[in-house]
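Below: one structure, written as structure tokens.
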Protein chains: 2
Amino acid sequence: MSNSTPATIEDVARIANVSIATVSRAIHMPEKVANSTRLKVNQAIAITGYTTNAMARSLRLGRSNMILVVAPDIGDPNFSNILIGLENEARSHGYGILIGHTQNDAQRGLEYLKFLNSNQAAGLILFTGILPFGHQTMTARLPPSVGVFEPVFNGGIPYVGVDDVAGARKAIDLLITEGHRRIAFVGDSRTRLAYSRRRTGYEAGLDAAGISPDLRIVLEGDGTIESGRLAVEQLFMRDTLPTAFMCVNDQTAIGVMIGLKARGYDIPEDFSVTGFDDVPQAVFMTPSLTTIRQPRTAIGKHAMALLLELLSDGEPAETEILLRPDLVVRNSVAAPARFRR
Amino acid sequence: MSNSTPATIEDVARIANVSIATVSRAIHMPEKVANSTRLKVNQAIAITGYTTNAMARSLRLGRSNMILVVAPDIGDPNFSNILIGLENEARSHGYGILIGHTQNDAQRGLEYLKFLNSNQAAGLILFTGILPFGHQTMTARLPPSVGVFEPVFNGGIPYVGVDDVAGARKAIDLLITEGHRRIAFVGDSRTRLAYSRRRTGYEAGLDAAGISPDLRIVLEGDGTIESGRLAVEQLFMRDTLPTAFMCVNDQTAIGVMIGLKARGYDIPEDFSVTGFDDVPQAVFMTPSLTTIRQPRTAIGKHAMALLLELLSDGEPAETEILLRPDLVVRNSVAAPARFRR
DNA sequence: ACAGATTATGTAAAGGTTTACACAGCATAG
DNA sequence: CTATGCTGTGTAAACCTTTACATAATCTGT
């Protein structure tokens with residue numbers, strides 16, 4: 001029953017007294033094989049404990065049952081929940097997940113490219129906003145790929161994520177409803193599509209409320225805590241203070257809160273702050289952070305489903321799947337000071 | 001240069017005007033091949049952009065270059081940093097990482113067992129404290145495996161983690177130094193080895209300070225936030241209050257803090273709390289949590305190194321690698337109330 | 001100068017699977 | 001009764017490597 005070496009298809013064939021071709025067919029095209037034979041084969045499989053050797057299968061088929069997931073940083077708090085969605089969907093279709101992180105290092109990207117070239121992965125999920133590979137190789141031979149969490153900047157790759165414009169709109173609408181009119185946007189970026197979409201939502205919200213945008217309170221940022229802190233410093237330097245900070249993500253919001261607290265201000269009494277993502281920390285902040293929730297597990301699930309579809313059909317049914325973001329109201333937003341005294 | 005189908009070893013051989021055997025040797029045993037030949041082969045490889053087909057290689061060699069990492073929950077905040085260490089070490093040795101999570105579901109475990117049986121993974125890193133597979137299969141044919149983060153309960157598997165006893169000792173010593181003598185232990189467990197080791201450290205600390213242990217303030221728990229909250233409730237019910245809570249992990253500590261705050265107490269003024277792990281949230285709590293840091297990336301790195309050693313040597317040099325935990329002093333610990341008034 | 005050792009390379013088998021093609025048996029239609 | 005088609009199965013090739021074994025060429029020591 002449990003030999004030292006795993007049972008092969010040949011062992012099964014011998015026991016079932018059929019050819020290996022029939023065994024293979026009994027497994028993969030059961031309708032092509034007579035009932036009685038199928039029964040014999042199944043019994044033989046049970047006896048031997050046979051599982052098909054994935055290596056041999058992949059070699060023969062010319063494609064593996066692994067999906068490569070590349071993220072810039074595995075430690076990103078958004079990563080794990082998306083990964084759960086990806087993994088569940090993949091596993092239920094017989095696929096496994098291979099993991100890599102680039103740390104924004106091109107060299108790393110190339111190493112993962114090798115996984116792709118050597119046929120170890122049939123498809124690619126890109127967590128980073130850009131193709132982490134050199135440009136020449138990139139166009140050459142990329143397997144079916146899907147971008148996730150952040151639209152892919154430099155390649156025509158289908159994308160699954162949240163509706164950034166709508167999400168940002170929910171945040172800005174909340175702030176406006178509370179009475180804010182001078183609202184800073186922290187985390188503007190030309191290279192990160194998700195961020196620029198969030199800015200679009202921000203501007204649409206201002207516009208709808210008849211507030212003319214003020215570029216002096218639109219701050220650049222790369223989504224790090226430090227960039228949030230820096231933005232606060234800049235605003236105080238320039239003396240162009242808003243009453244609320246709409247941040248491009250939660251990390252930035254954390255940075256903003258740190259910056260404001262360091263100057264002795266209270267949140268939300270003196271300034272309101274919103275984030276985006278709803279990372280696990282958000283609820284533990286003081287005050288807890290009002291933010292926009294990404295349906296992370298759902299994103300992962302949809303992305304993997306789309307990729308698997310690509311793998312079988314070849315053509316993507318849709319080029320972009322946008323999920324609905326939800327406003328999570330906590331304690332970092334209140335009416336601006338002038339309304340309360 | 002970039003054909004539709006990837007270059008094979010045969011293409012390289014043809015261009016270099018040698019046999020495929022020589023190409024293979026030039027790649028894997030360069031010292032066995034003449035300098036001039038090696039040069040030709042390398043040029044041919046550069047021209048074709050050849051990468052060896054991992055499937056064919058694994059099939060021939062009878063072992064893959066993938067390591068399966070199984071965790072009970074990918075979302076665990078401890079997971080990602082360990083994963084980084086695992087991944088870096090694996091990649092630098094040409095291995096890739098395959099990911100699975102069981103959600104404590106035996107059925108899931110079996111599915112991952114298939115990955116192992118079908119030769120897709122050469123080794124196993126177990127993040128969960130128990131072998132997630134059925135018992136019969138378990139003994140049958142398990143590949144080289146290493147437990148990580150939590151000792152493996154039901155199998156003689158080498159383990160890499162933190163020195164739980166020493167870590168717990170650091171926490172209890174801090175509390176005692178601050179003047180606490182009634183210190184609760186929250187998160188006792190018979191099945192989780194890491195937790196029981198931490199309790200050992202707790203008791204050693206009490207003993208060294210000449211404090212006789214009081215079982216009424218040793219509370220069971222499974223390491224969840226809820227279990228921490230529950231423990232507080234129980235203590236208030238029984239009216240056997242400590243002045244400090246030493247918690248088996250940060251999640252539990254968070255639960256304890258929630259429970260105490262809900263009853264209107266201040267931390268650390270009324271009660272001190274310590275955690276274990278130093279999860280990313282710990283620093284964002286109010287008050288920020290004094291805890292024991294797990295060197296997570298280092299744990300991952302050592303675990304993978306040990307596994308790779310196992311894969312080549314067969315015999316593990318050591319059966320347990322314990323890394324040094326560090327005390328991280330933040331704001332959730334202070335002298336007990338009676339000392340301060 | 002020659003036996004024997006050493007070095008460099010080639011030939012071919014093996015690893016486990018899938019599948020095109022061939023074939024046998026049998027039913028159906030003419 | 002023969003031609004035709006269908007169904008179920010088997011044979012063998014192919015996928016791409018690695019490596020044991022064989023062979024050819026060169027070197028070493030006498």
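Sequence lines set the chain letters: A, B, ... in the order given, protein chains first and strands last, and positions in each chain run from 1.
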Taking atom [atom1] of [X] and atom [atom2] of [Y], what is their separation to the nearest 0.5 Å?
X: A/D11; Y: A/I47; atom1: CG; atom2: CD1; value: 11.5 Å
X: B/R60; Y: A/L59; atom1: CZ; atom2: CG; value: 12.5 Å
X: A/N53; Y: B/N117; atom1: CG; atom2: CG; value: 11.0 Å

Is [X] touching bases, backbone alone, or none of the nucleic acid, heavy atoms closer than 4.0 Å?
X: B/S58; result: nothing
X: B/A21; result: base
X: B/T22; result: sugar-phosphate
X: B/L59; result: base

Options [options], nucleotide nearest the side-chain atoms of [X]:
X: A/V33; options: D/dT9, C/dG15, C/dT17; result: D/dT9
X: A/S19; options: C/dA13, D/dG10, C/dT17; result: D/dG10
X: B/T37; options: C/dA8, C/dG10, C/dT17; result: C/dA8
X: B/N53; options: D/dC16, C/dT17, D/dG8; result: D/dC16

Between atom [atom1] in [X] and atom [atom2] in [N], what is the gap in whole Å?
X: A/M29; N: D/dT7; atom1: CE; atom2: P; result: 13 Å
X: B/L61; N: D/dC16; atom1: CG; atom2: P; result: 17 Å
X: B/H28; N: D/dT17; atom1: NE2; atom2: P; result: 9 Å
X: B/I9; N: C/dA12; atom1: CD1; atom2: P; result: 17 Å
X: B/R38; N: C/dT7; atom1: CZ; atom2: P; result: 15 Å
X: A/N35; N: D/dG8; atom1: CG; atom2: P; result: 8 Å
X: B/R57; N: D/dC15; atom1: CZ; atom2: C1'; result: 17 Å
X: B/N117; N: C/dG16; atom1: CG; atom2: P; result: 14 Å

Ignoring hydrogens and geometry beyond distance, is the side chain of A/R25 in donor-acceptor contact with the base of D/dG10 at under 3.5 Å? yes

Q | Exercise: do A/N17 and A/R14 side chains pair donor with acceptor under 3.5 Å | A | no

DNA chain C nearest-nucleotide lookup for A/I27 and B/K32: closer to the 5′ end is B/K32

Per nearest nucleotide of DNA chain C, the residue lying toward the 5' end, B/M55 or B/I20, is B/I20

Of B/A56 and A/E31, the one whose nearest nucleotide on DNA chain D sits closer to the 5' end is A/E31

**Asked** Between B/S24 and D/dT18, does any side-chain N or O lie under 4.0 Å from OP1 or OP2?
**Response** yes

Report task. On the 0 to 90° scale, with breaks at 30° and 60°, tag the B/F149-B/F127 ring pair as parallel, tilted or perpendicular. Result -> parallel

Exercise. Is the NZ atom of A/K301 crowded by more than 12 outside heavy atoms at less than 6.0 Å?
Worked result: no

